[in-house]
Amino acid sequence: MPFQPLTQEPEIQRRWLESGAFHAKRASELLPGSKTFYMLVMLPYPSGRIHMGHVRNYTLGDVTARFRRMKGYEVMHPLGWDSFGLPAENAAIKNGIHPAIWTRQNIEEMKGQIQKMGISYDWDREIASFQDDYYRWNQWLFLKMWEQGDVFRAMRTVNWCEALGTVLANEQVVDGKDERTGFPVTQKPLEQYFFKTTKYADELLECLDGLDWPENVKTMQRNWIGRSEGARLAFDLEGDGQIEVFTTRLDTLFGVTFMALSTEHPAIEKAAETDAALKAFCDQVASVSREERLTSDVKLGHRTALHVIHPFTGEKVPVFAANYVLMDYGTGAVMGVPAHDERDHEFALKYGLPIPKVIESESEWDLGTLVNSGEFTGLKSEDAVTAMVAKLNGRAEKTTTYKLKDWGLSRQRYWGTPIPTVHCEACGVVPEKPEHLPVRLPEDVAFTGVGPSPLTTSRSFLDCACPVCGQPARRETDTMDTFVDSSWYWLRYLDPKNTELPFAKAESDAWMPVDLYVGGIEHATMHLIYARFFYKVLRDLGLASGPEPFQKLICQGMVLKDGSKMSKSKGNIVDPDAVISKYGADALRLFMIFAAPIEKEIDWTGFEGIEGASRFLKRVTRMVEDHGVTGEALPAKDQLTPAEKTLLIKLNQTIARLTDDLERRYQFNTVVSGLMELSNALGDLPADAPHRGAVLQHALDAFVRMMSPVAPHLAEQLWSQLGNQLEDRGLCMQAAWPEADPAFLEADEVLVVVQVNGKVRGRVTLPVHAGEEQRREAALACAEAQPHLAGKEIVKVVLPPGGKLVSIVVKG
RNA sequence: GCCGGUGUGGCGAAAUGGCAGACGCGACGGACUCAAAAUCCGUUUCCCCCUAAAGGAGUGUCGGUUCGAGUCCGACCACCGGUACCA
């Protein structure tokens, strides 16, 4: 049968599904001692169509899953849908279609596309976060975290559009305006819910060391967590009260000439009540949009009437409100040391403040020796900190701060998990009872894009009874950040139908941690930090075991078109469906794996690459067709001709190499080139080789099995063409991965390279197990090397292990 | 600025300290064909050379370690990515 992917692939996919070959076992079905492999890809958002990035991601995962199955592992390989979020709500506003309908349609569409690619997902484990049998567990976990004290409420500013009367997400705000209507957007404080991610900051940082993750991702996470050691120090305000600062340079304390406070600092807000000019300054800083604040680094300050007292000198230090001090880092207050901090320096120059030098060092910003610092003068910076903390007698202490912030999970949106709390006049904000879960999204809402969240207009949703006192109360209308959905989904795959718990611990114990997680680098910080945080919370709740969810991480590179990202607006999208309906899924899969190492970008310059992949598959098909089927057994090694032996050696070397590439190196592109090399070697076997039938049968049988993870459909077809009927040998995807035969891993003779002073000068053929003395003599006698040896003194002869090279060092 | 990564033919790339450029794409030449497509065979780093043989050079630059470096170490350059008033 020729290569006819368009008709064959759907037929083979049907066979796989009918045979249940993708089924992953429950913990109770697993035999004791069986090896498990959890292959996970990042939860996709059902935007409507799959793109080449998905194709690359899923193909890679599928190659690994299929390989591990053939290697005898029990494999977990599921997929689901990250199906809450803004686009569905926007579609509802624009087209009047309910988010649930839009979402379901998209999932159906994308699932169909993915199935056409022959990815071996266990669809019985499919989950979708917008369904209440999933999001009820978000709510359940929220309540557990509430109990543990891992949830709190606090004020935080949101993007507020007065004209629309609604809150907007950061990505909806462009140039300080709503990207849809152009109405202005301002910052407005709102009381919201937070997870205490900072509680785990140290552990999140320390556990990174043990993870087999790309170095750049680990670095990004370290920076994101941003651990910084320093000291807290309280300054007395003139009159009444204190201002606390965080500093990493307590040693520069004598250089303080001003105090800079965030415009949102409580002391500033209080002072602004009676100081109109200060109030105006704060309002002006607040009116600057997020993007402007990011791009501009002009320092602005406003001198207040306040002063603090220097704890050592007793001098009065002026207090400024400044735009460069962030309220959500440290204490929102900075002691200004213009001589030894670049930002303070710039600020002091602008506002004419003194810049006294208190540290002697190579560069003005470095640690060094204290000068002009009273009794501390002469101390080293490090020692001065300790001495000052002691002297300050409780007023200061060494502490650590983090850039990592607590996770604000409130969204003033409809299409998300309702936060399961209730506002009661008598009892305040109280958690819903677990037995009342799920708190379902109401259907009686309209999507206008104007006014507050649709949830606040639904009587059926709002009206409830207080779970504490039973009096009429109002339900919380905030929904959860969709990152909550994706922070534990891989555990729900393990037990998707559980109605008692989010997942049974037995399932998690059997399958966790995830052996390989593959997804885009864009999730290096947010998702991958939140997911790690959740896993630690789940561990502390006794629901999961182990410190980390994802042992190995691979971030696949993007698929580009002519050097830039494929996007609708550029009109440069290559649709996977179109490629599959012309070349078939196997050719697309093969190309995706072969084109470049997985972590690099692929540029889809044209169809040449996929043509090449298709050509290879045709050649392989033809080879199997031409061969037919023979029942001959492989003869003993000593009866084979040299050409036959050469082929079998190539075969076994390829088996060893591909196994290593897939099992240990996670290097996929060379798997394809290895297959190509082997197929070339198969073609090189002389037509008149005496044992041609038997040798080819043996080699093709292994070849087809090794091809199976990458091009599974064609492998299945060729597998049966080679005489492996379904009834006796089953599916190719269920066959065993070939084992390399040590007898055929090396040839009888080996070509030994002769180097003279590091340059290749000749080659000699020697028996593979030739002794050192034999190799040395043969090399020294090598005819081609003689001109380079004649009349020179042999200093030494190096015989490296492996026996493939002799290095002669000469002098003169 | 800081942090991380990457620099190899015309292109995508391989080389796990041991023959640099495997494998593929493209290009060129040939076979088959009336012709084309498809397919098959061959050539394809640079210099020297009619060609070949034999040399020589060559993995961003400069140095180092080693019998031997694309690979390890140091400095620099370029590009890509992350991040940026983080006190």
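Remember, it's a predicted structure, so these values are computed and weren't measured experimentally. The sequence lines fix the lettering, A, B, ..., with proteins before strands; numbering per chain opens at 1. Every heavy atom of this structure was used, including side-chain atoms; hydrogens, water molecules and symmetry mates were not.
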When the distance from [atom1] of [X] to [atom2] of [N] is rounded to whole Å, what number comes out?
| X | N | atom1 | atom2 | answer |
| --- | --- | --- | --- | --- |
| A/Y324 | B/A87 | OH | C1' | 8 Å |
| A/R664 | B/U16 | CZ | P | 11 Å |
| A/Q221 | B/C3 | CD | C1' | 14 Å |
| A/F594 | B/C11 | CZ | P | 16 Å |
| A/R619 | B/A38 | CZ | P | 13 Å |
| A/I598 | B/U6 | CD1 | C1' | 17 Å |
| A/E522 | B/G82 | CD | C1' | 13 Å |
| A/N669 | B/A15 | CG | C1' | 12 Å |

When you check the phosphate oxygens OP1 and OP2 of [N], does a side-chain N or O of [X] lie under 4.0 Å from one of them?
| X | N | value |
| --- | --- | --- |
| A/K618 | B/A38 | no |
| A/R657 | B/U16 | no |
| A/Q653 | B/A22 | no |
| A/N216 | B/U6 | no |
| A/R763 | B/G18 | no |

Nearest-neighbour nucleotide for the [X] side chain, [options] considered:
| X | options | result |
| --- | --- | --- |
| A/K299 | B/C3, B/A13, B/C85 | B/C85 |
| A/R665 | B/A15, B/A13, B/C85 | B/A15 |
| A/V760 | B/C19, B/U16, B/A87 | B/C19 |
| A/V334 | B/C85, B/A87, B/U16 | B/A87 |
| A/T247 | B/U39, B/A87, B/C3 | B/A87 |
| A/L751 | B/C19, B/C40, B/A22 | B/C19 |
| A/R622 | B/G5, B/U39, B/G82 | B/U39 |

- Per-nucleotide pairing state of RNA chain B [Watson-Crick or G-U, under 3.5 Å; [ ] pseudoknot-crossing; | other strand]: (((((((..(((.....[....)))((((((.......))))))(((.......)))..(((((..]....))))))))))))....

- Query: Has the side chain of A/H345 got a donor or acceptor atom that lies under 3.5 Å from a matching backbone atom of A/I355?
  - Reply: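 No.
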
- Checking A/D406 side chain against A/T198 main chain: does a donor-acceptor pair fall under 3.5 Å?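 Side chain of A/D406 to backbone of A/T198, a donor-acceptor pair under 3.5 Å: yes, one is there.
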
Between [M] and [N] - [atom1] atom distance, rounded Å:
| N | M | atom1 | result |
| --- | --- | --- | --- |
| B/G21 | B/A36 | P | 35 Å |
| B/A53 | B/C62 | P | 30 Å |
| B/C19 | B/A13 | P | 22 Å |

For [X], what residues pass the salt bridge (charged side-chain N to carboxylate O under 4.0 Å, His left out) criterion, not counting sequence neighbours?
| X | result |
| --- | --- |
| A/D251 | A/R249 |
| A/R56 | none |
| A/K218 | none |
| A/R227 | A/D202, A/E229 |

- Residues forming a side-chain hydrogen bond (donor to acceptor under 3.5 Å, both in side chains) with A/K561, sequence neighbours excluded: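 In terms of side-chain hydrogen bond (donor to acceptor under 3.5 Å, both in side chains), with neighbours along the sequence ignored, A/K561 is linked to no residue.
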
- Sequence-distant partners of A/Y200, side-chain hydrogen bond (donor to acceptor under 3.5 Å, both in side chains), two or more places apart: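 For A/Y200, the residues satisfying side-chain hydrogen bond (donor to acceptor under 3.5 Å, both in side chains) (neighbours in sequence not counted) are A/D540.
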
- Could one point to a donor on the side chain of A/R222 or the base of B/C3 with an acceptor on the other under 3.5 Å away?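 By the distance-only test, no, there is no pair.
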
- Task: Record whether the side chain of A/K804 comes under 3.5 Å of the base of B/C19 through a donor-acceptor pair of N or O atoms.
- Result: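 No, no donor-acceptor pair under 3.5 Å.
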
- Query: Under the rule syn = chi within 90° of 0, otherwise anti, which is B/G56?
  - Reply: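 The base of B/G56 is oriented anti (glycosidic angle more than 90° from 0).
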
- Query: Going 5' to 3' along nucleotides 60-72 of chain B, which nucleotides have protein heavy atoms under 4.0 Å from the base (write B), which only from the sugar-phosphate (write S), and which from neither (write -)?
  - Reply: -------B-----

- Using the test ring-ring contact (aromatic ring centres under 6.0 Å, His included), find all partners of A/F235 that sit at least two apart in sequence or belong to another chain.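 ring-ring contact (aromatic ring centres under 6.0 Å, His included) check on A/F235 returns nothing, list empty.
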
- Task: Determine, stepwise, if the pair A/K299 / A/D344 fulfils salt bridge (charged side-chain N to carboxylate O under 4.0 Å, His left out).
- Result: CA-CA 9 Å; A/K299 288 178 184 51; A/D344 297 344; over 6 Å; no

- Query: Is the shortest heavy-atom distance from the side chain of A/R532 to the side chain of A/Q221 under 4.5 Å?
  - Reply: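 Side chain of A/R532 against side chain of A/Q221, heavy atoms only: contact under 4.5 Å found.
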
- Item | Residue pairs passing the salt bridge (charged side-chain N to carboxylate O under 4.0 Å, His left out) test where at least one lies in residues 773-786 of chain A, sequence neighbours excluded |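 Pairs touching residues 773-786 of chain A that pass the test: A/E773-A/R776.
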
How is [X] classified with respect to the nucleic acid when contacts are heavy atoms under 4.0 Å: base, sugar-phosphate, or nothing?
| X | result |
| --- | --- |
| A/P214 | nothing |
| A/V298 | base |
| A/N680 | sugar-phosphate |
| A/V753 | base |

- Would A/K398 and A/T386 count as having a side-chain donor-acceptor pair, cut-off 3.5 Å?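 Looking only at side-chain atoms, A/T386 and A/K398 do form a donor-acceptor pair, the distance falling under 3.5 Å.
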
- Message: Both A/M335 and A/W224 contact RNA chain B. Which one's nearest nucleotide lies toward the 5' end?
- Response: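 Result: A/W224.
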
- Query: Taking the nucleotide of RNA chain B with the closest heavy atom to each, which residue, A/G609 or A/K600, is nearer the 5' end?
  - Reply: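 It is A/K600, whose closest nucleotide lies nearer the 5' terminus.
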
List, with names and distances, any nitrogen or oxygen atoms from the protein found under 3.5 Å away from nitrogen or oxygen atoms belonging to nucleotides 26-31 of chain B.
{"residue": "B/G26", "atom": "OP2", "partner": "A/R615", "partner atom": "NH2", "Å": "3.4"}

- Can you pull the side-chain hydrogen bond (donor to acceptor under 3.5 Å, both in side chains) pairs that have at least one residue in residues 610-625 of chain A, sequence neighbours excluded?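 Every pair satisfying side-chain hydrogen bond (donor to acceptor under 3.5 Å, both in side chains) with a residue in residues 610-625 of chain A: A/Y583-A/E611.
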
